[in-house]
K.L.:
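Have a look at this one before I ask anything.
All chains are named by letter (A, B, ...) in the order of the sequence lines, taking the proteins before the strands, and each is independently numbered beginning at 1. Values below: all heavy atoms of this structure, side chains included; hydrogens, waters and symmetry mates excluded. These numbers come from a predicted model, not from an experiment.
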2 protein chains.
Amino acid sequence: MNISDAAARTGIPPKTIRYYEDIGLIAPDRADNGYRDFSETAVGKLDFLGRARALGFSINECRDLLALWEDKARASADVRRIAASHLAAIEAKINDLTAMRGTLAHLIETCAGDHRPDCPILADLAGGDCC
Amino acid sequence: MNISDAAARTGIPPKTIRYYEDIGLIAPDRADNGYRDFSETAVGKLDFLGRARALGFSINECRDLLALWEDKARASADVRRIAASHLAAIEAKINDLTAMRGTLAHLIETCAGDHRPDCPILADLAGGDCC
DNA sequence: GCTTGACCTTCCAGTGACTGGAACCCCCAT
DNA sequence: ATGGGGGTTCCAGTCACTGGAAGGTCAAGC
């Protein structure tokens, strides 16, 4: 299977697939003409990567998860540890963003948003000690 | 004021301050010896930038906000528009992350996390059609 | 006056995870 | 044989810094 078919099957753009090979995440076969040749196994790996990336795992976490997936003697504790630490990072990010959202929503509410220059948003950014 | 004092006052690292000058966000004075010389006004701008960045505004949004801040004839609607679109982006990101958190938390819950290889997390990443 | 160490300067390179583009090769249908 | 739509590599750019090297400057202590 050529790269564009693998891309269509997995939803991962060809450019990204090449990048994944570049950084050693995958190593698809090569046809005689130099084209990458994706086996079902290779497509499966790409699918795995796509789903792991969609869950927000970093490339390096994906690398580790992929290795564990391949390792039939893995301990599920290792997988769980990676996932748990990623979950913690996600929760931290959600907390940050939620705080930002709170502040921003409040500021936007109190801003008239008309032609006049008075703006509590700028006032807050300028002073910080507002409200 | 030298750069490290400005950094201490604003909480923005010297490296970042230099970077902000590089990309034209700020333009501090220069002393005769070539050192940057930060006025109170310049420190005020840095403070503004620090708070805007802490609210997650991009550098370009900061640039626009800074320009509006300087423009005494601005319309608050312009500020509000920037903030509102940023808020929408934050909310979208929160939604994404919340979905990830849900999936991850569920997977982690169902994973034994022991020495055995069986792992619903990997199963989900591999198949996606689990549960 | 000299040294030392802390500060400042510039410039270059690397991060993460792609993405765009140029230049070129290959295959198939007409 | 030619045209178009694949494929290939490599280089550069994104965003917002961050680290490090090489060198200039300043204030304090001997």
K.L.:
Rounded to the nearest angstrom, tell me the gap between atom CG in A:N2 and atom P in C:dC25.
P.N.:
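Answer to the nearest Å: 19 Å.
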K.L.:
Can you measure B:D5 atom CG to C:dC8 atom C1' for me and round it to whole angstrom units?
P.N.:
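Between C1' of C:dC8 and CG of B:D5: 12 Å.
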K.L.:
Report the distance from atom CD1 of B:I3 to atom C1' of D:dC17, rounded to the nearest whole Å.
P.N.:
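Rounded to whole Å, this separation is 14 Å.
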K.L.:
Would you mind reading off the distance between B:Y19 atom OH and D:dG20 atom P, rounded to a whole angstrom?
P.N.:
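Roughly 19 Å, once rounded to whole Å.
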K.L.:
Output yes when at least one side-chain N/O atom of A:S58 is less than 4.0 Å from OP1 or OP2 of C:dG16, else no.
P.N.:
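For C:dG16, OP1/OP2 do not have a side-chain N/O of A:S58 under 4.0 Å.
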K.L.:
By the 4.0 Å heavy-atom rule, please label B:I23 as base, sugar-phosphate, or nothing.
P.N.:
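It contacts nothing in the nucleic acid.
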K.L.:
Please give me the minimum heavy-atom distance between A:T110 and A:L107, naming the atom from each residue.
P.N.:
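The answer is OG1-O, 3.0 Å.
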K.L.:
Base of D:dG24, side chain of B:Y35 - is there a donor-acceptor contact under 3.5 Å?
P.N.:
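Check passes, donor-acceptor contact within cut-off.
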K.L.:
Please determine, for the side chain of A:I59, which listed nucleotide (C:dA17, D:dT18, C:dT9) has the closest atom?
P.N.:
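When the side chain of A:I59 is considered, C:dA17 is the closest of C:dA17, D:dT18, C:dT9.
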K.L.:
Locate the shortest heavy-atom distance separating B:R9 from B:V43; write the atom from each residue and the value.
P.N.:
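The answer is NH2-CG1, 3.6 Å.
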K.L.:
Round to the nearest Å and state the distance from B:R18 atom CZ to D:dG19 atom P.
P.N.:
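Going from B:R18 (CZ) to D:dG19 (P), I get 13 Å.
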K.L.:
Taking the side chain of B:P13 as heavy atoms from C-beta outward, which of D:dG7, D:dT18, C:dT9 is closest to it?
P.N.:
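Looking only at side-chain atoms, B:P13 lies closest to D:dT18.
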K.L.:
What is the distance, to the nearest angstrom, from the CD atom on B:E21 to the C1' atom on C:dT10?
P.N.:
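About 11 Å, once rounded to whole Å.
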K.L.:
Between A:R116 and A:D118 (salt bridge meaning N to carboxylate O under 4.0 Å), is one present in this structure?
P.N.:
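Looking at A:D118 together with A:R116, the answer is no, because their closest N to O distance does not fall below 4.0 Å.
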K.L.:
Pick base, sugar-phosphate or nothing for B:Y20, based on heavy-atom distances below 4.0 Å to the nucleic acid.
P.N.:
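Sugar-phosphate contact only - B:Y20 comes under 4.0 Å of backbone atoms but never of a base.
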K.L.:
Of B:P14 and A:T16, whose nearest nucleotide on DNA chain C comes first from the 5' end?
P.N.:
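Looking at the nearest nucleotide for each, B:P14 comes out on the 5' side.
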K.L.:
Can A:R81 and A:D78 be counted as an ion pair, charged N to O under 4.0 angstrom?
P.N.:
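Salt bridge between A:R81 and A:D78, a charged N being under 4.0 Å from a carboxylate O: yes.
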K.L.:
So does A:R36 get a side-chain nitrogen or oxygen closer than 4.0 Å to the phosphate oxygens (OP1/OP2) of D:dT9?
P.N.:
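Result: yes.
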K.L.:
Taking only the side-chain nitrogens and oxygens of B:N33, find out if one of them lies under 4.0 Å from OP1 or OP2 of D:dG24.
P.N.:
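Answer is no, no contact under 4.0 Å.
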K.L.:
Rounded to whole angstroms, how far apart are NZ on B:K15 and C1' on C:dC7?
P.N.:
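Value for this atom pair: 14 Å.
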K.L.:
Would you say B:R30 reaches C:dT10's phosphate, i.e. side-chain N/O to OP1/OP2 under 4.0 Å?
P.N.:
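Yes, because at least one side-chain N or O of B:R30 sits under 4.0 Å from OP1 or OP2 of C:dT10.
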K.L.:
Counting only side-chain nitrogens and oxygens, does B:R53 get under 4.0 Å of the OP1 or OP2 atom of D:dC17?
P.N.:
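Affirmative; the distance criterion is met.
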K.L.:
What is the distance, to the nearest angstrom, from the CG atom on A:D32 to the P atom on C:dC26?
P.N.:
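Spelled out: CG on A:D32 to P on C:dC26 is 12 Å.
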K.L.:
Hey, which of A:C119, A:C111, A:P120 is the one that makes side chain to side chain contact (heavy atoms under 4.5 Å, CB included) with B:R80?
P.N.:
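Output: one option passes, namely A:C111.
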